[in-house]
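Here's the structure we're looking at; comments come further down.
Letters go in sequence order (proteins before strands), and every chain restarts at 1.
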Amino acid sequence: MIKNIVHFNVQQIADSGQCFRMNNIGNNSYSLVAFNKYLEIEQLDKNQVVFRCEDEDFETLWADYFDLNYDYGNVVHSIHNSEDDFLKKAVEYGEGIRILKQDLWETIVSFIISQRKSIPAIKSTIEKLCMKFGEKKSFEGKVYYTFPSPEVIAEQSMEGLQGLALGYRDKYILNTAKTIANGEVNLELIKQMSREDAILELKKLSGVGEKVANCVALYGMHKIDAFPVDVWIKRVVDTYYGGFFDTNTYKGFNGIVQQYMFYYMKNKYKS
DNA sequence: TCCCAGGCTTGGT
DNA sequence: ACCAAGCATGGG
């Protein structure tokens, strides 16, 4: 179905480093697997987007997944009206970015894997993980693999996790899966927590530190004030903000600000 | 080949 | 509490 959406650009979302199972399939189209479903999405023009999926899945899943009920215009305008020249340019460059509402468990595993890996390498490892432990499904002839549950990974041994290019992160993934599968850390409870409490709880997981916990809060819990600082954001802060970025300036939507910064710095300045 | 990648854990002060 | 080394492996 065709939808008219402002501040929405599929290519920018796919290349913004927040999701790892969204792939270009040509003709301004992308495939995506999330919440055990398969979607093809095409950008027809600036404000027209085609969603190829079951009709009911758009309303019950994808509209929420792509955060279509959040007013990004408000964020864009408040940055336009600021004195922040760097951020103005970043918004102009990536004004179609949205913060996705991804599955919490998948986001945890994905960002544990992400540490000291390039985005293509992250995507490759996650796809291997899904092909090995996920459920094989198909939608209109397209075969895809779901993201494996904590329980399925928890019952593996260290040997079972070899061949996925996890490297030293293999033990983090196995320990985290076990911790969640046995109820030591409860994701349903975390979903109800404040950003601060959720981040504290997430950091109990093996392989989850400050940065990964903030990414999980932002992309897996829609805590849009979370401000993950990775090497690219560090570069932004050092280069354009004199080494300190005051998160009080954009209080309430620092995560969206962070995403504009990341996308602009990483893709515009490939230094 | 060399360097870097959406960092974390551990052990030493 | 802070700091630095070590970490496995793919991709450019």
Pair listing, salt bridge (Lys or Arg N to Asp or Glu O under 4.0 Å) test, anchored in [range], at least two apart:
range: residues 205-219 of chain A; value: A:K203-A:E210
range: residues 29-49 of chain A; value: A:K37-A:D57, A:E40-A:K142, A:E42-A:R52, A:K46-A:E95
range: residues 179-189 of chain A; value: A:E188-A:K191

Residues in salt bridge (Lys or Arg N to Asp or Glu O under 4.0 Å) with [X], at least two apart?
X: A:K204; result: A:E201
X: A:R21; result: A:E127
X: A:D225; result: A:R195
X: A:R116; result: none

ring-ring contact (aromatic ring centres under 6.0 Å, His included): pairs with one or both residues in residues 121-143 of chain A, sequence neighbours excluded |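 Qualifying pairs, neighbours excluded: none.
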
Pair A:F86-A:Y264, ring pair (Phe, Tyr, Trp, His ring centres under 6.0 Å): steps then yes or no | CA-CA 10 Å; A:F86 173 78; A:Y264 184 60; 5.5 Å; yes

Whichever of A:D230 and A:K203 has its nearest DNA chain B nucleotide further upstream toward 5' |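 Counting from the 5' end, the first nearest nucleotide belongs to A:D230.
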
Taking the P atom of each, how far is B:dG6 from C:dG6, in whole Å?
->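 That atom pair is separated by 24 Å.
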
P-based separation of B:dG11 from C:dA8 [nearest Å] =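 Result for the P pair: 14 Å, nearest Å.
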
Kindly state which residues belonging to residues 209-219 of chain A come within less than 4.0 angstrom of DNA chain B, counting heavy atoms of the residue only, listed by number.
->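 Within this stretch, A:G209, A:E210, A:K211, A:V212, A:Y219 sit under 4.0 Å of the strand.
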
Any luck finding a side-chain donor-acceptor pair between A:Y250 and A:D84 under 3.5 Å?
->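 Checked: A:Y250/A:D84 side chains pair up, N/O donor to acceptor below 3.5 Å.
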
Under a criterion of less than 4.0 angstrom to any heavy atom of chain A, what are the 5'-terminal and 3'-terminal contacting nucleotides of DNA chain B?
->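 Answer, 5' to 3': B:dA5 to B:dT9.
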
With the sugar-phosphate defined as primed atoms, P, OP1 and OP2, and the base as all remaining atoms, what B/S/- string results for nucleotides 6-12 of chain C, 5' to 3', for protein heavy atoms under 4.0 Å?
-> -BBSSS-

Base, sugar-phosphate, or nothing: which does [X] touch, judged by heavy atoms less than 4.0 Å apart?
X: A:L205; answer: sugar-phosphate
X: A:Q162; answer: nothing
X: A:S110; answer: nothing

Anything under 3.5 Å between a donor and an acceptor, one on a side chain of residues 58-65 of chain A, the other on a protein residue two or more places apart or in another chain? List them.
{"residue": "A:T60", "atom": "OG1", "partner": "A:E56", "partner atom": "O", "Å": "2.9"}
{"residue": "A:D64", "atom": "OD1", "partner": "A:K101", "partner atom": "NZ", "Å": "2.9"}

